[in-house]
Amino acid sequence: MSLSRIYLSPPHMSGNEQKYIQDAFDTNWVAPLGPNVDEFEKEIINYLGASEAIAVSSGTAAIHLALSLLGVSKGDKVFCSSLTFVASANPIIYQGAEPVFIDSEPETWNMSPQALERALREAYLERNLPKAVIVVNLYGQVAKMDEIVSLCTEYGVPMIEDAAESLGSTYKGRPSGTFGEFGIFSFNGNKIITTSGGGALISENAEAIKRARFLATQARDPAQHYQHSVTGYNYRLSNILAGIGRAQLQVLEERVEARRKIFKRYYQELVHLPGVTFMPELENTRSNRWLTTLTINKGQSGVSAKELIEMFNKNNIEARHVWKPLHLQPIFLNTRYYSHSKGEHVAEQLFETGICLPSGSNLLEDEQNKVISCLKHTIQSMSKQGVE
Ligand SMILES: *Cc1c(COP(=O)(O)O)cnc(C)c1O
(Lines give C-alpha, C1' and ligand atoms only; values in the text may rest on other atoms or scores of the structure.)
Protein backbone atom coordinates (compact mmCIF):
# COMPACT_ATOMS: atom_id res chain seq x y z
CA MET A 1 0.00 0.00 0.00
CA SER A 2 1.29 3.42 -0.91
CA LEU A 3 2.04 5.66 2.05
CA SER A 4 1.66 8.95 0.20
CA ARG A 5 -1.63 10.73 0.70
CA ILE A 6 -4.04 11.09 -2.19
CA TYR A 7 -5.28 14.69 -2.29
CA LEU A 8 -8.62 16.06 -3.40
CA SER A 9 -7.38 18.56 -5.99
CA PRO A 10 -3.68 19.43 -5.79
CA PRO A 11 -1.95 21.95 -8.10
CA HIS A 12 -0.84 20.59 -11.48
CA MET A 13 1.93 22.58 -13.13
CA SER A 14 2.52 22.43 -16.88
CA GLY A 15 6.28 22.96 -16.79
CA ASN A 16 6.10 26.31 -18.62
CA GLU A 17 5.44 28.42 -15.53
CA GLN A 18 9.14 29.03 -14.76
CA LYS A 19 9.67 30.70 -18.14
CA TYR A 20 7.16 33.47 -17.35
CA ILE A 21 8.41 33.84 -13.80
CA GLN A 22 11.96 34.15 -15.14
CA ASP A 23 10.78 36.85 -17.58
CA ALA A 24 9.38 38.80 -14.65
CA PHE A 25 12.69 38.55 -12.80
CA ASP A 26 14.80 39.33 -15.88
CA THR A 27 12.87 42.53 -16.51
CA ASN A 28 12.47 43.30 -12.77
CA TRP A 29 8.67 43.40 -13.03
CA VAL A 30 8.31 42.18 -9.45
CA ALA A 31 5.14 44.12 -8.69
CA PRO A 32 1.35 43.88 -8.70
CA LEU A 33 1.35 44.98 -12.33
CA GLY A 34 3.44 44.31 -15.44
CA PRO A 35 3.47 42.51 -18.80
CA ASN A 36 2.42 39.10 -17.43
CA VAL A 37 -0.65 40.70 -15.81
CA ASP A 38 -1.61 42.49 -19.04
CA GLU A 39 -1.10 39.38 -21.17
CA PHE A 40 -2.89 37.11 -18.69
CA GLU A 41 -5.92 39.39 -18.83
CA LYS A 42 -5.89 39.36 -22.65
CA GLU A 43 -5.53 35.59 -22.72
CA ILE A 44 -8.48 35.15 -20.32
CA ILE A 45 -10.64 37.41 -22.52
CA ASN A 46 -9.56 35.45 -25.57
CA TYR A 47 -10.32 32.11 -24.02
CA LEU A 48 -13.80 33.20 -22.92
CA GLY A 49 -14.66 35.37 -25.89
CA ALA A 50 -15.39 38.09 -23.30
CA SER A 51 -14.75 41.84 -23.60
CA GLU A 52 -12.99 42.86 -20.41
CA ALA A 53 -11.11 41.23 -17.54
CA ILE A 54 -9.09 42.36 -14.57
CA ALA A 55 -6.74 39.92 -12.83
CA VAL A 56 -6.92 40.24 -9.05
CA SER A 57 -5.46 38.69 -5.92
CA SER A 58 -8.29 36.22 -5.26
CA GLY A 59 -11.75 35.11 -6.32
CA THR A 60 -13.09 36.64 -3.12
CA ALA A 61 -11.58 40.00 -4.11
CA ALA A 62 -13.28 39.72 -7.52
CA ILE A 63 -16.69 39.17 -5.86
CA HIS A 64 -16.06 42.08 -3.50
CA LEU A 65 -15.20 44.37 -6.43
CA ALA A 66 -18.33 43.27 -8.32
CA LEU A 67 -20.55 44.13 -5.34
CA SER A 68 -18.78 47.43 -4.87
CA LEU A 69 -19.23 48.28 -8.59
CA LEU A 70 -22.95 47.51 -8.32
CA GLY A 71 -23.19 49.99 -5.45
CA VAL A 72 -24.08 47.37 -2.83
CA SER A 73 -23.89 49.02 0.57
CA LYS A 74 -25.24 49.03 4.09
CA GLY A 75 -28.83 47.84 4.39
CA ASP A 76 -29.00 46.41 0.86
CA LYS A 77 -30.00 42.82 0.23
CA VAL A 78 -28.05 40.40 -1.95
CA PHE A 79 -29.38 36.96 -2.94
CA CYS A 80 -26.79 34.16 -2.99
CA SER A 81 -26.71 30.39 -3.55
CA SER A 82 -26.77 28.64 -0.18
CA LEU A 83 -24.82 25.53 -1.19
CA THR A 84 -21.36 27.05 -1.67
CA PHE A 85 -18.05 27.99 -0.11
CA VAL A 86 -18.31 30.88 2.35
CA ALA A 87 -16.22 33.07 0.01
CA SER A 88 -19.28 33.53 -2.23
CA ALA A 89 -21.11 35.41 0.54
CA ASN A 90 -18.41 36.99 2.72
CA PRO A 91 -18.07 40.07 0.46
CA ILE A 92 -21.80 40.79 1.05
CA ILE A 93 -20.91 41.20 4.72
CA TYR A 94 -17.80 43.29 3.86
CA GLN A 95 -20.20 45.76 2.20
CA GLY A 96 -22.48 45.85 5.25
CA ALA A 97 -25.27 44.31 3.19
CA GLU A 98 -27.59 41.45 4.10
CA PRO A 99 -27.42 38.05 2.37
CA VAL A 100 -30.56 36.06 1.56
CA PHE A 101 -29.83 32.43 0.73
CA ILE A 102 -31.44 30.50 -2.09
CA ASP A 103 -31.67 26.69 -2.05
CA SER A 104 -30.44 24.31 -4.76
CA GLU A 105 -32.47 22.20 -7.18
CA PRO A 106 -31.70 18.50 -7.70
CA GLU A 107 -30.74 18.51 -11.40
CA THR A 108 -27.63 20.73 -11.16
CA TRP A 109 -27.27 21.10 -7.36
CA ASN A 110 -27.16 24.85 -8.11
CA MET A 111 -29.56 27.72 -7.43
CA SER A 112 -33.19 26.66 -7.70
CA PRO A 113 -34.99 28.91 -10.20
CA GLN A 114 -38.32 28.28 -8.46
CA ALA A 115 -36.90 29.32 -5.07
CA LEU A 116 -35.31 32.37 -6.71
CA GLU A 117 -38.63 33.27 -8.29
CA ARG A 118 -40.42 33.10 -4.92
CA ALA A 119 -37.74 35.19 -3.28
CA LEU A 120 -37.81 37.83 -6.04
CA ARG A 121 -41.60 38.03 -6.05
CA GLU A 122 -41.74 38.50 -2.27
CA ALA A 123 -38.96 41.11 -2.37
CA TYR A 124 -40.78 42.92 -5.16
CA LEU A 125 -44.01 43.01 -3.14
CA GLU A 126 -42.07 44.30 -0.13
CA ARG A 127 -40.55 46.95 -2.44
CA ASN A 128 -37.12 45.75 -1.37
CA LEU A 129 -35.54 43.99 -4.35
CA PRO A 130 -31.94 42.77 -3.91
CA LYS A 131 -29.08 44.82 -5.38
CA ALA A 132 -27.59 41.66 -6.91
CA VAL A 133 -27.96 37.89 -7.21
CA ILE A 134 -24.80 35.75 -6.81
CA VAL A 135 -25.18 32.44 -8.66
CA VAL A 136 -22.60 29.72 -8.00
CA ASN A 137 -21.65 26.90 -10.42
CA LEU A 138 -20.79 24.05 -8.08
CA TYR A 139 -17.96 21.63 -8.78
CA GLY A 140 -17.90 22.73 -12.43
CA GLN A 141 -21.61 22.26 -13.12
CA VAL A 142 -23.25 25.37 -14.60
CA ALA A 143 -26.54 26.46 -13.01
CA LYS A 144 -29.80 26.64 -15.00
CA MET A 145 -28.74 29.88 -16.64
CA ASP A 146 -31.67 30.36 -19.05
CA GLU A 147 -34.17 30.34 -16.17
CA ILE A 148 -32.00 32.35 -13.77
CA VAL A 149 -30.94 35.02 -16.28
CA SER A 150 -34.52 35.46 -17.42
CA LEU A 151 -35.76 35.93 -13.82
CA CYS A 152 -32.99 38.44 -13.03
CA THR A 153 -33.80 40.33 -16.23
CA GLU A 154 -37.54 40.31 -15.47
CA TYR A 155 -36.96 41.90 -12.05
CA GLY A 156 -34.11 44.12 -13.24
CA VAL A 157 -31.59 42.71 -10.75
CA PRO A 158 -27.95 42.32 -11.91
CA MET A 159 -26.46 38.82 -11.69
CA ILE A 160 -22.92 37.96 -10.58
CA GLU A 161 -21.76 34.55 -11.77
CA ASP A 162 -19.44 32.89 -9.25
CA ALA A 163 -17.56 30.68 -11.71
CA ALA A 164 -14.66 30.03 -9.30
CA GLU A 165 -15.13 26.28 -9.77
CA SER A 166 -16.33 26.22 -13.38
CA LEU A 167 -13.59 27.71 -15.57
CA GLY A 168 -13.64 25.65 -18.78
CA SER A 169 -17.28 24.58 -18.42
CA THR A 170 -19.91 25.55 -20.99
CA TYR A 171 -23.68 25.95 -21.08
CA LYS A 172 -25.27 25.56 -24.52
CA GLY A 173 -21.84 26.19 -25.97
CA ARG A 174 -21.26 29.41 -24.07
CA PRO A 175 -18.39 29.61 -21.54
CA SER A 176 -19.23 29.65 -17.86
CA GLY A 177 -18.49 33.04 -16.29
CA THR A 178 -20.01 35.05 -19.15
CA PHE A 179 -23.68 34.95 -18.16
CA GLY A 180 -23.91 37.72 -15.61
CA GLU A 181 -23.27 41.44 -15.39
CA PHE A 182 -20.03 40.19 -13.83
CA GLY A 183 -18.30 36.82 -13.81
CA ILE A 184 -15.64 35.83 -11.32
CA PHE A 185 -12.93 33.16 -11.37
CA SER A 186 -10.51 31.86 -8.75
CA PHE A 187 -6.97 30.64 -9.29
CA ASN A 188 -6.52 29.34 -5.76
CA GLY A 189 -4.25 26.30 -5.32
CA ASN A 190 -7.11 23.79 -5.41
CA LYS A 191 -8.88 25.09 -8.54
CA ILE A 192 -8.69 23.60 -12.04
CA ILE A 193 -5.85 25.99 -12.89
CA THR A 194 -3.95 27.97 -10.30
CA THR A 195 -1.62 30.92 -9.77
CA SER A 196 -1.14 29.69 -6.14
CA GLY A 197 -3.63 32.41 -5.26
CA GLY A 198 -5.47 34.76 -7.58
CA GLY A 199 -8.70 35.57 -9.34
CA ALA A 200 -10.32 37.48 -12.18
CA LEU A 201 -13.33 39.69 -12.71
CA ILE A 202 -14.99 39.56 -16.15
CA SER A 203 -17.53 41.90 -17.71
CA GLU A 204 -18.84 43.24 -21.00
CA ASN A 205 -18.92 46.66 -19.34
CA ALA A 206 -15.63 48.43 -20.11
CA GLU A 207 -16.45 51.36 -17.81
CA ALA A 208 -17.03 49.01 -14.90
CA ILE A 209 -13.73 47.19 -15.39
CA LYS A 210 -11.94 50.54 -15.65
CA ARG A 211 -13.52 51.47 -12.33
CA ALA A 212 -12.47 48.08 -10.92
CA ARG A 213 -8.84 48.83 -11.82
CA PHE A 214 -9.14 52.14 -9.95
CA LEU A 215 -10.75 50.55 -6.87
CA ALA A 216 -8.30 47.63 -6.85
CA THR A 217 -5.29 49.97 -6.60
CA GLN A 218 -6.39 52.02 -3.55
CA ALA A 219 -8.62 54.37 -5.59
CA ARG A 220 -5.97 56.94 -6.32
CA ASP A 221 -7.33 60.17 -7.83
CA PRO A 222 -5.51 61.62 -10.85
CA ALA A 223 -3.21 64.07 -9.03
CA GLN A 224 0.52 64.54 -8.68
CA HIS A 225 0.35 63.73 -4.98
CA TYR A 226 -1.49 60.89 -3.28
CA GLN A 227 -5.14 61.85 -3.16
CA HIS A 228 -8.17 59.68 -2.41
CA SER A 229 -11.87 60.55 -2.58
CA VAL A 230 -13.24 57.04 -2.11
CA THR A 231 -12.06 53.98 -0.20
CA GLY A 232 -10.24 51.49 -2.43
CA TYR A 233 -8.56 48.12 -2.00
CA ASN A 234 -5.21 46.52 -2.69
CA TYR A 235 -6.45 43.70 -4.90
CA ARG A 236 -4.16 43.47 -7.95
CA LEU A 237 -2.44 40.23 -8.96
CA SER A 238 1.34 40.06 -8.82
CA ASN A 239 3.21 39.98 -12.15
CA ILE A 240 4.98 36.82 -10.96
CA LEU A 241 1.75 34.99 -10.18
CA ALA A 242 0.17 36.18 -13.45
CA GLY A 243 3.12 34.44 -15.14
CA ILE A 244 2.07 31.15 -13.53
CA GLY A 245 -1.48 31.84 -14.74
CA ARG A 246 -0.37 32.31 -18.36
CA ALA A 247 1.27 28.90 -18.48
CA GLN A 248 -1.68 27.30 -16.68
CA LEU A 249 -4.24 28.77 -19.06
CA GLN A 250 -2.41 27.13 -21.98
CA VAL A 251 -3.21 23.70 -20.57
CA LEU A 252 -6.75 24.41 -19.33
CA GLU A 253 -8.41 22.30 -22.05
CA GLU A 254 -6.16 19.34 -21.17
CA ARG A 255 -7.03 19.78 -17.51
CA VAL A 256 -10.75 19.72 -18.28
CA GLU A 257 -10.29 16.58 -20.39
CA ALA A 258 -8.30 14.89 -17.62
CA ARG A 259 -10.90 15.67 -14.95
CA ARG A 260 -13.74 14.55 -17.16
CA LYS A 261 -11.88 11.30 -17.82
CA ILE A 262 -11.45 10.71 -14.09
CA PHE A 263 -15.16 11.35 -13.59
CA LYS A 264 -15.99 8.86 -16.33
CA ARG A 265 -13.77 6.22 -14.78
CA TYR A 266 -15.34 6.65 -11.31
CA TYR A 267 -18.77 6.61 -12.89
CA GLN A 268 -18.22 3.40 -14.83
CA GLU A 269 -16.73 1.62 -11.84
CA LEU A 270 -19.08 2.82 -9.12
CA VAL A 271 -22.46 3.73 -10.58
CA HIS A 272 -23.86 0.23 -10.07
CA LEU A 273 -23.16 0.16 -6.34
CA PRO A 274 -26.29 0.31 -4.17
CA GLY A 275 -27.14 3.81 -2.95
CA VAL A 276 -24.55 5.65 -5.09
CA THR A 277 -25.77 8.53 -7.30
CA PHE A 278 -23.39 10.83 -9.17
CA MET A 279 -23.94 14.56 -9.63
CA PRO A 280 -25.84 14.80 -12.91
CA GLU A 281 -24.68 16.82 -15.92
CA LEU A 282 -27.36 19.05 -17.35
CA GLU A 283 -28.22 18.45 -21.01
CA ASN A 284 -26.35 20.75 -23.44
CA THR A 285 -23.71 21.58 -20.86
CA ARG A 286 -20.12 20.51 -20.41
CA SER A 287 -18.94 20.44 -16.82
CA ASN A 288 -15.20 20.73 -16.19
CA ARG A 289 -15.83 18.09 -13.47
CA TRP A 290 -13.59 20.06 -11.13
CA LEU A 291 -14.55 17.57 -8.43
CA THR A 292 -16.35 14.28 -8.94
CA THR A 293 -19.19 14.32 -6.44
CA LEU A 294 -21.79 11.75 -5.53
CA THR A 295 -24.48 11.15 -2.95
CA ILE A 296 -24.76 8.08 -0.82
CA ASN A 297 -28.04 6.62 0.43
CA LYS A 298 -27.28 4.89 3.71
CA GLY A 299 -30.44 2.81 3.58
CA GLN A 300 -29.15 1.14 0.40
CA SER A 301 -25.38 1.28 0.79
CA GLY A 302 -25.20 0.59 4.52
CA VAL A 303 -22.80 3.49 5.01
CA SER A 304 -23.22 7.26 5.41
CA ALA A 305 -21.25 10.03 3.71
CA LYS A 306 -19.62 10.81 7.05
CA GLU A 307 -18.53 7.20 7.57
CA LEU A 308 -17.19 6.97 4.01
CA ILE A 309 -15.10 10.10 4.45
CA GLU A 310 -13.67 8.69 7.70
CA MET A 311 -12.89 5.41 5.93
CA PHE A 312 -11.09 7.27 3.11
CA ASN A 313 -9.17 9.29 5.65
CA LYS A 314 -7.96 6.13 7.41
CA ASN A 315 -6.69 4.96 4.04
CA ASN A 316 -4.80 8.21 3.50
CA ILE A 317 -7.25 9.46 0.89
CA GLU A 318 -8.62 12.99 1.10
CA ALA A 319 -12.38 12.99 0.43
CA ARG A 320 -14.67 15.77 1.60
CA HIS A 321 -18.23 16.61 2.43
CA VAL A 322 -20.19 18.70 -0.04
CA TRP A 323 -20.28 22.37 1.11
CA LYS A 324 -22.29 22.95 4.27
CA PRO A 325 -25.16 25.23 3.19
CA LEU A 326 -24.53 28.83 4.21
CA HIS A 327 -27.97 29.18 5.83
CA LEU A 328 -26.83 26.52 8.33
CA GLN A 329 -23.51 28.22 9.13
CA PRO A 330 -23.17 29.74 12.60
CA ILE A 331 -22.18 33.13 11.12
CA PHE A 332 -25.43 33.26 9.13
CA LEU A 333 -27.84 31.83 11.70
CA ASN A 334 -30.54 34.49 11.50
CA THR A 335 -30.37 34.93 7.76
CA ARG A 336 -33.36 34.58 5.47
CA TYR A 337 -33.43 31.49 3.26
CA TYR A 338 -35.76 30.19 0.53
CA SER A 339 -36.06 26.41 0.12
CA HIS A 340 -36.57 24.67 -3.23
CA SER A 341 -40.17 24.04 -2.26
CA LYS A 342 -42.20 23.78 0.89
CA GLY A 343 -40.59 21.04 2.97
CA GLU A 344 -37.98 20.25 0.30
CA HIS A 345 -34.50 21.39 1.33
CA VAL A 346 -32.21 20.24 -1.46
CA ALA A 347 -28.93 21.80 -0.25
CA GLU A 348 -29.38 20.30 3.23
CA GLN A 349 -30.01 16.89 1.69
CA LEU A 350 -26.91 17.17 -0.51
CA PHE A 351 -24.79 18.21 2.46
CA GLU A 352 -26.05 15.25 4.46
CA THR A 353 -25.40 12.67 1.72
CA GLY A 354 -22.77 14.17 -0.62
CA ILE A 355 -19.06 13.44 -0.90
CA CYS A 356 -16.30 14.79 -3.15
CA LEU A 357 -13.71 12.31 -4.44
CA PRO A 358 -10.05 13.00 -5.29
CA SER A 359 -10.24 14.53 -8.76
CA GLY A 360 -6.93 16.27 -9.53
CA SER A 361 -5.91 16.26 -13.20
CA ASN A 362 -2.61 14.67 -12.08
CA LEU A 363 -4.28 11.81 -10.21
CA LEU A 364 -2.47 8.62 -11.23
CA GLU A 365 -4.33 5.55 -12.45
CA ASP A 366 -3.09 3.59 -9.41
CA GLU A 367 -4.48 6.26 -7.15
CA GLN A 368 -7.84 6.18 -8.94
CA ASN A 369 -7.84 2.39 -8.49
CA LYS A 370 -7.23 2.79 -4.78
CA VAL A 371 -10.14 5.23 -4.39
CA ILE A 372 -12.40 2.95 -6.42
CA SER A 373 -11.50 -0.22 -4.54
CA CYS A 374 -11.86 1.48 -1.14
CA LEU A 375 -15.36 2.63 -2.00
CA LYS A 376 -16.38 -0.65 -3.62
CA HIS A 377 -15.05 -2.71 -0.75
CA THR A 378 -16.76 -0.60 1.92
CA ILE A 379 -20.15 -0.51 0.25
CA GLN A 380 -20.10 -4.17 -0.78
CA SER A 381 -19.35 -5.29 2.78
CA MET A 382 -21.71 -2.81 4.48
CA SER A 383 -24.68 -3.29 2.16
CA LYS A 384 -24.43 -7.09 2.64
CA GLN A 385 -24.47 -6.69 6.41
CA GLY A 386 -27.63 -4.63 6.02
CA VAL A 387 -29.32 -7.41 4.06
CA GLU A 388 -28.57 -10.17 6.57
C1 LIG B 1 -12.65 29.03 -4.34
C2 LIG B 1 -13.96 29.69 -4.37
C3 LIG B 1 -14.12 31.07 -4.17
C4 LIG B 1 -13.04 31.97 -3.67
O5 LIG B 1 -11.90 32.04 -4.37
P6 LIG B 1 -10.52 32.50 -3.65
O7 LIG B 1 -9.64 32.70 -4.82
O8 LIG B 1 -10.11 31.36 -2.77
O9 LIG B 1 -10.79 33.74 -2.89
C10 LIG B 1 -15.38 31.63 -4.32
N11 LIG B 1 -16.43 30.88 -4.61
C12 LIG B 1 -16.35 29.55 -4.77
C13 LIG B 1 -17.59 28.78 -5.12
C14 LIG B 1 -15.12 28.91 -4.63
O15 LIG B 1 -15.05 27.58 -4.76
Side-chain angles (χ1 to χ4, degrees), residues 63 77-89 92 98-126 128-166 169 171-172 176-177 179-181 183-184 277-285 287 290-291 293-295 297 321-329 332 335-354 356:
I63 299 170
K77 279 198 296 192
V78 175
F79 290 1
C80 182
S81 303
S82 186
L83 189 64
T84 183
F85 182 44
V86 72
S88 303
I92 303 171
E98 181 197 327
V100 173
F101 293 116
I102 313 290
D103 200 8
S104 298
E105 48 80 19
E107 282 180 278
T108 66
W109 299 19
N110 289 311
M111 187 180 279
S112 156
Q114 65 188 57
L116 175 64
E117 183 167 25
R118 274 202 333 278
L120 283 170
R121 199 181 325 117
E122 273 188 33
Y124 174 76
L125 293 173
E126 290 167 9
N128 192 6
L129 279 169
K131 269 276 175 74
V133 178
I134 301 173
V135 180
V136 182
N137 302 310
L138 282 177
Y139 306 120
Q141 165 80 68
V142 188
K144 292 190 169 175
M145 284 300 167
D146 282 349
E147 290 88 340
I148 290 169
V149 168
S150 122
L151 281 168
C152 290
T153 308
E154 184 187 339
Y155 285 89
V157 181
M159 194 264 273
I160 298 168
E161 190 184 357
D162 179 348
E165 301 176 4
S166 59
S169 302
Y171 177 94
K172 299 189 175 172
S176 178
F179 287 85
E181 190 85 15
I184 79 95
T277 311
F278 283 83
M279 181 197 226
E281 187 167 30
L282 197 63
E283 213 181 315
N284 290 323
T285 67
S287 169
W290 173 54
L291 297 184
T293 51
L294 52 85
T295 58
N297 177 325
H321 284 282
V322 163
W323 302 119
K324 177 169 180 168
L326 295 185
H327 70 271
L328 299 180
Q329 294 288 356
F332 295 122
T335 305
R336 222 150 138 187
Y337 147 78
Y338 288 85
S339 61
H340 180 54
S341 65
K342 209 163 187 246
E344 197 181 359
H345 302 271
V346 175
E348 292 181 16
Q349 196 58 33
L350 290 169
F351 169 58
E352 208 53 52
T353 58
C356 307

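Numbering of residues begins at 1 and proceeds along the displayed sequence. Side chains are part of it too, since the values below use all heavy atoms of this structure and drop only hydrogens, waters and symmetry mates.
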Undergrad: What heavy-atom pair brings A143 and V135 nearest, and what distance separates the two atoms?
TA: CB-CG1, 3.8 Å
Undergrad: Identify the heavy atoms of S81 and L326 that sit nearest to each other, and give their distance.
TA: O-CD1, 4.2 Å
Undergrad: Counting C-beta onward and ignoring hydrogens, is there a side-chain heavy-atom pair between F179 and M159 closer than 4.5 Å?
TA: yes
Undergrad: Of all residues at least two apart in sequence or in a different chain, which pass the side-chain contact (heavy atoms from CB on, under 4.5 Å) check with F85?
TA: A87, W323
Undergrad: Looking at V78, V133, L116, which one forms a side-chain contact (heavy atoms from CB on, under 4.5 Å) with V157?
TA: V133
Undergrad: Return the set of residues passing side-chain contact (heavy atoms from CB on, under 4.5 Å) with S339 (not counting sequence neighbours), or none when no residue passes.
TA: D103, R118, Y337, H345
Undergrad: List the residues meeting ring-ring contact (aromatic ring centres under 6.0 Å, His included) with H340, not counting sequence neighbours, and say none if there are none.
TA: none
Undergrad: Please name the pair of heavy atoms, one in A163 and one in G177, separated by the smallest distance, quoted to 0.1 Å.
TA: CB-CA, 3.8 Å
Undergrad: I134 and S88: which non-hydrogen atoms are nearest, and at how many Å?
TA: CD1-O, 3.6 Å
Undergrad: So, N110 and Q141: side-chain donor and acceptor under 3.5 Å apart, yes or no?
TA: no
Undergrad: For residues H327 and E348, determine if any side-chain heavy atom of one lies less than 4.5 Å from a side-chain heavy atom of the other.
TA: yes
Undergrad: Is there side-chain contact between W290 and L138, with heavy atoms separated by less than 4.5 Å?
TA: no
Undergrad: What distance separates I160 CD1 from C80 SG, expressed to the nearest 0.5 Å?
TA: 9.0 Å
Undergrad: Kindly write out the residues that satisfy side-chain contact (heavy atoms from CB on, under 4.5 Å) with E154, not counting sequence neighbours, or none if the list is empty.
TA: L151
Undergrad: Quick one: are I92 and P99 in side-chain contact, heavy atoms under 4.5 Å?
TA: yes
Undergrad: For S341, enumerate each residue passing the side-chain contact (heavy atoms from CB on, under 4.5 Å) test, keeping only those at least two apart in sequence or located in another chain.
TA: Q114, E344
Undergrad: Please find the pair of heavy atoms, one from L282 and one from Y171, that lie closest to each other, and give the distance.
TA: CD2-CE1, 4.0 Å
Undergrad: Pick out which of E283, M279, E281, K144 makes a side-chain contact (heavy atoms from CB on, under 4.5 Å) with E107.
TA: K144
Undergrad: So do Q329 and V86 actually touch side chain to side chain, heavy atoms under 4.5 Å?
TA: no
Undergrad: Check ring-ring contact (aromatic ring centres under 6.0 Å, His included) between Y338 and all other residues, then give those that pass, not counting sequence neighbours.
TA: none
Undergrad: Which heavy atom of V322 sits nearest to which heavy atom of W109, and what is that distance?
TA: CG2-CZ3, 3.9 Å
Undergrad: Is the closest side-chain heavy-atom distance between E105 and M111 below 4.5 Å?
TA: no
